[in-house]
Amino acid sequence: SIKELSDRRKFLVLDGPSKMGKTHFACSLVPPGKALEVNCAQASHPPLRAFNMRAHSLILFDEASPKMVADNRRLFQAPNAEVTVGSSPTNSLAYAVYLNNTLLVVASNGWKHELTAIPAGDRDWLVANSVYNEVNKPLWIPRPARPASDFVRRAHSRHGFFLYYVELTADSQCILF
């Protein structure tokens, strides 16, 4: 319904060094296959031709710069309207996308630093319209020193099916299967 569609929303920024799990974390916010990951390194506008509003509920803008986001601010508000992407003087490569109710996540290695280099008006807009999270430690639970097979036990049920369970002890860490 129209009440459920917001006219504006904030986007999430995950900023931190490489190998922290930002991409995997962002994609885990939606069911498998529902995230679209786009490479925005050195891009003036995000490449969204592969976006399908019925198939994707999250877009991960990998290495999007604050300048690119500020230059495409209408898109990053995910309004309840189509937004034109790829505008140029001739608009020969322009296309429209509808992103309302789509989660937008930027994964960056230098957002905070790059933010200081753009004009104050753009910086103020980005701060007001994003949720910034500095990632300074891995976003996953490390595997324990013991092999995973030490944690999994097999039990036979009376119906002939095997049941598997995970054994957790006070000195072990959780394994994500």
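Please read all numbers here as calculations on a predicted model, not as lab measurements. Atoms considered below: every heavy atom in the structure, side chains included; atoms not considered: hydrogens, waters and symmetry mates.
- A 6.0 Å sphere centred on NZ of Lys112 holds no more than 12 heavy atoms belonging to other residues, nucleotides or ligands.
- Under the 4.5 Å side-chain heavy-atom criterion for grouping Ile, Leu, Val, Met, Phe, Trp and Tyr, Trp111 is not connected to Met20 through any hydrophobic cluster.
- Distance check, rounded to the nearest 0.5 Å: OG of Ser28 to CH2 of Trp140 gives 13.0 Å.
- Across all their heavy atoms, Val135 and Pro17 have their closest contact at O-CD, 3.3 Å.
- Note: His45 NE2 to Thr84 OG1 = 11.5 Å, rounded to the nearest 0.5 Å.
- For the pair Glu114 and Ser65, the tightest heavy-atom approach, listed with the atom from each and the gap, is OE1-CB, 3.3 Å.
- In this structure, the side chains of Ser44 and Met68 stay at 4.5 Å or more apart for every pair of heavy atoms.
- A chain of hydrophobic side-chain contacts below 4.5 Å, direct or via other Ile, Leu, Val, Met, Phe, Trp or Tyr residues, connects Leu126 to Leu99.
- Using modelled atom types, no side-chain atom of Arg9 and backbone atom of Gln77 make a donor-acceptor pair closer than 3.5 Å.
- Considering every non-hydrogen atom in both Cys40 and Pro46, the closest pair reads SG-CB, 4.0 Å.
- Taking each heavy atom of Leu139 and Lys22 in turn, the nearest pair found is CD1-CA, 3.9 Å.
- Met53 and Leu58 are assigned to two separate hydrophobic clusters, defined by single-linkage of ILVMFWY side chains at heavy-atom distances under 4.5 Å.
- The only option from Leu115, Val106, Val13 that meets the side chain to side chain contact (heavy atoms under 4.5 Å, CB included) definition with Pro66 turns out to be Leu115.
- For the residue pair Asn109/Glu63, the side-chain donor-acceptor check at 3.5 Å is satisfied.
- In terms of heavy atoms, Val105 sits closest to Ala26 at CG1-CB, 3.8 Å.
- Asp122 has a carboxylate O that lies under 4.0 Å from a charged side-chain N of Arg73, or vice versa, which qualifies the two as a salt bridge.
- Val38 and Leu12 are not part of a single hydrophobic cluster, where members link through side-chain heavy atoms under 4.5 Å apart.
- When the side chains of ILVMFWY residues are joined at heavy-atom separations under 4.5 Å, either directly or via intervening members, Leu104 and Trp125 end up in a single hydrophobic cluster.
- Rounding to the nearest 0.5 Å gives a distance of 11.5 Å between CG of Leu103 and CG of Leu60.
- Distance check: Thr102 OG1 to Ile59 CD1 gives 5.5 Å after rounding to the nearest 0.5 Å.
- Checked against a 6.0 Å centroid threshold, the rings of Phe61 and Phe11 do not count as neighbours.
- In this structure the side chain of Asn133 never reaches within 4.5 angstrom of the side chain of Asp15, judged on heavy atoms.
- No donor-acceptor distance shorter than 3.5 angstrom exists from the side chain of Asn80 to the backbone of Asn100, with no hydrogens or angles considered.
- Nearest heavy atom pair, residue Glu82 against residue Ala96, reads OE1-CB, 3.7 Å.
- The distance from the CZ atom of Arg123 to the OG1 atom of Thr116 is 7.0 Å, given to the nearest 0.5 Å.
- One finds the OG atom of Ser108 at 11.0 Å from the CD atom of Glu134 (value rounded to the nearest 0.5 Å).
- More than 12 heavy atoms of other residues, nucleotides or ligands shown are found within 6.0 angstrom of CG on Leu29.
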